[in-house]
Number of protein chains: 2
Amino acid sequence: MKRKPSTEASAAWIRLMRVQSRVLDCVEQDLKRAGFPVLAWFDALMELSRAPNGELRPVELEKQMLIPQYSTSRLIDRLVDEGLAIRRECKMDKRGLFVEITPAGRELYKKMGSAYAVAIEKHVGSKLTDADAAKLCGLLDRLGCACHDTPASPAPVARDAVQAR
Amino acid sequence: MKRKPSTEASAAWIRLMRVQSRVLDCVEQDLKRAGFPVLAWFDALMELSRAPNGELRPVELEKQMLIPQYSTSRLIDRLVDEGLAIRRECKMDKRGLFVEITPAGRELYKKMGSAYAVAIEKHVGSKLTDADAAKLCGLLDRLGCACHDTPASPAPVARDAVQAR
DNA sequence: AGTCACTCGATGCATCTGCATCAATCTTGA
DNA sequence: TCAAGATTGATGCAGATGCATCGAGTGACT
């Protein structure tokens, strides 16, 4: 019944953990050295700037980013503190609110996007052929069926939220 | 000019982040539900129990686990607090010390190992053939090497040469 | 020997995270 | 209509993490 994991499966697990940890670290360090905030901020700004009117309910942001509710709440706190977003009243549901990206937020999003693209190319793109990257995608998808991203996406950088731990 | 990452590379990056986050979460939750501590403890106990005499210098542990120095120091604190390891004097180098796994540590390592193996099989092994797992290993390995620090980036600050650990 | 640069491990501090819980509001159903 | 329950977002608290720095010890060079 409970077959032991094969050596191949174990090896894949170990590499999955180690390689992502290392690659994430490299990318985050590159961005940090360039004076940018953590990737989670970028993800949030991306979701907001894609949303109609540049605004979202926190609960929507939470679903997009796959992070816990309290985490969303505090992320919004920080974005608001930095003037990258504002909280707006939600008239339809007085429990809730809207978070709207500010011009400063859009500007940071844009600049960060370029640096991010460079970092991804440096730490991922340059090490794999497109065909191998596609193969890697296929294999990874089988491990986590929750990633329905269209590879045919025309966007330059990550068009989907990048999970920052 | 900075070449943009291909869509394939971006997709691979996104999946690498999301899938590992998700799989790690699944495995950690399985272990937590069974009453075990976090995986970092297991990793440490594994390194210790593999080492000759069941003891290692913190600096060695740090290299094996790829975590920062202070993180190692505090992980050892917790292991010692739980009676899973002890700190021993190091006569060869009075700056340093040895960390030695205790019988309780070995026992936890063993029990946790079984649960861990089941979880890996469930969340990784069962989803890939051995051949595919091997292919995945090969692709991931190519991402793992050398994150060399090129200060060639046009970014503002290029201060410390922080090496990713 | 004396100096200087370096390694090893610990720790103070600020921040971040996970967990539990809260108040306010909405929805449901009798 | 009103009570019961669910949903939304915030927060107090404990523990974890990142960063910088410290003190002790080592090793090399003069």
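Below, chains carry the letters A, B, ... as their sequence lines are ordered, and counting in each starts from 1. Excluded from the calculations below are hydrogen atoms, water molecules and symmetry mates; all remaining heavy atoms, backbone and side chain alike, are included.
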Engineer: To the nearest Å, how far apart are A/Leu31 CG and D/dG18 C1'?
Structural biologist: 17 Å
Engineer: Under the side chain to side chain donor-acceptor pair (under 3.5 Å) rule, collect the residues that match up with A/Glu82, sequence neighbours excluded.
Structural biologist: none
Engineer: Which nucleotides of nucleotides 20-25 of chain C have their base under 4.0 Å from a protein heavy atom (B), which only their sugar-phosphate (S), and which neither (-), written as one string 5' to 3'?
Structural biologist: ----BB
Engineer: Under the side chain to side chain contact (heavy atoms under 4.5 Å, CB included) rule, collect the residues that match up with B/Ser73, sequence neighbours excluded.
Structural biologist: B/Gln69
Engineer: Got a sec, which residues hit ring-ring contact (aromatic ring centres under 6.0 Å, His included) with B/Phe98, two or more places apart in sequence or on another chain?
Structural biologist: none
Engineer: Is the phosphate of C/dG18 approached by B/Lys32 (side-chain N or O, under 4.0 Å from OP1 or OP2)?
Structural biologist: no
Engineer: A/Lys63: what forms a side chain to side chain contact (heavy atoms under 4.5 Å, CB included) with it, not counting sequence neighbours?
Structural biologist: A/Val59, A/Glu60
Engineer: What is the separation between atom CD1 on A/Ile67 and atom C1' on D/dA10, rounded to the nearest whole Å?
Structural biologist: 15 Å
Engineer: For A/Leu39 and C/dC16, give me the distance from atom CG to atom P, rounded to whole Å.
Structural biologist: 14 Å
Engineer: Can you name the residues that form a side chain to side chain donor-acceptor pair (under 3.5 Å) with B/Asp25, not counting sequence neighbours?
Structural biologist: none
Engineer: For B/Glu107, what residues pass the side chain to side chain contact (heavy atoms under 4.5 Å, CB included) criterion, not counting sequence neighbours?
Structural biologist: B/Lys111
Engineer: With a 4.0 Å heavy-atom cut-off, tell me which residues in residues 71-91 of chain A come close to DNA chain D, sorted by residue number.
Structural biologist: A/Ser73, A/Arg74, A/Arg87
Engineer: Starting at CG of A/Leu61 and ending at P of D/dT7, how long is that distance when rounded to a whole Å?
Structural biologist: 19 Å
Engineer: Just to verify, what does B/Arg106 make a side chain to side chain contact (heavy atoms under 4.5 Å, CB included) with, not counting sequence neighbours?
Structural biologist: B/Ser49, B/Ile101
Engineer: With a 4.0 Å cut-off, would you call A/Arg78 and A/Asp81 a salt bridge?
Structural biologist: no
Engineer: Carefully, step by step, assess A/Leu75 and A/Ile67 under the rule side chain to side chain contact (heavy atoms under 4.5 Å, CB included).
Structural biologist: CA-CA 10 Å; A/Leu75 176 55; A/Ile67 58 179; 4.3 Å; yes
Engineer: Can you check the A/Trp41 CH2 to C/dT15 P distance for me, whole Å?
Structural biologist: 12 Å
Engineer: Side-chain polar contacts of residues 31-46 of chain B - donor-acceptor pairs under 3.5 angstrom, sequence neighbours left out - could you list them?
Structural biologist:
| from | atom 1 | to | atom 2 | distance (Å) |
| --- | --- | --- | --- | --- |
| B/Arg33 | NH1 | B/Asp30 | OD1 | 3.2 |

Engineer: Using the test side chain to side chain donor-acceptor pair (under 3.5 Å), find all partners of A/Arg15 that sit at least two apart in sequence or belong to another chain.
Structural biologist: B/Asp141
Engineer: Give the residues of residues 51-60 of chain B touching DNA chain C, defined as any heavy atom closer than 4.0 Å, sorted by residue number.
Structural biologist: B/Arg57, B/Pro58, B/Val59
Engineer: Mind calculating the distance between CD (A/Glu28) and C1' (C/dC16) to the nearest angstrom?
Structural biologist: 13 Å
Engineer: CE of A/Met92 versus P of D/dG9: gap in Å, rounded?
Structural biologist: 11 Å
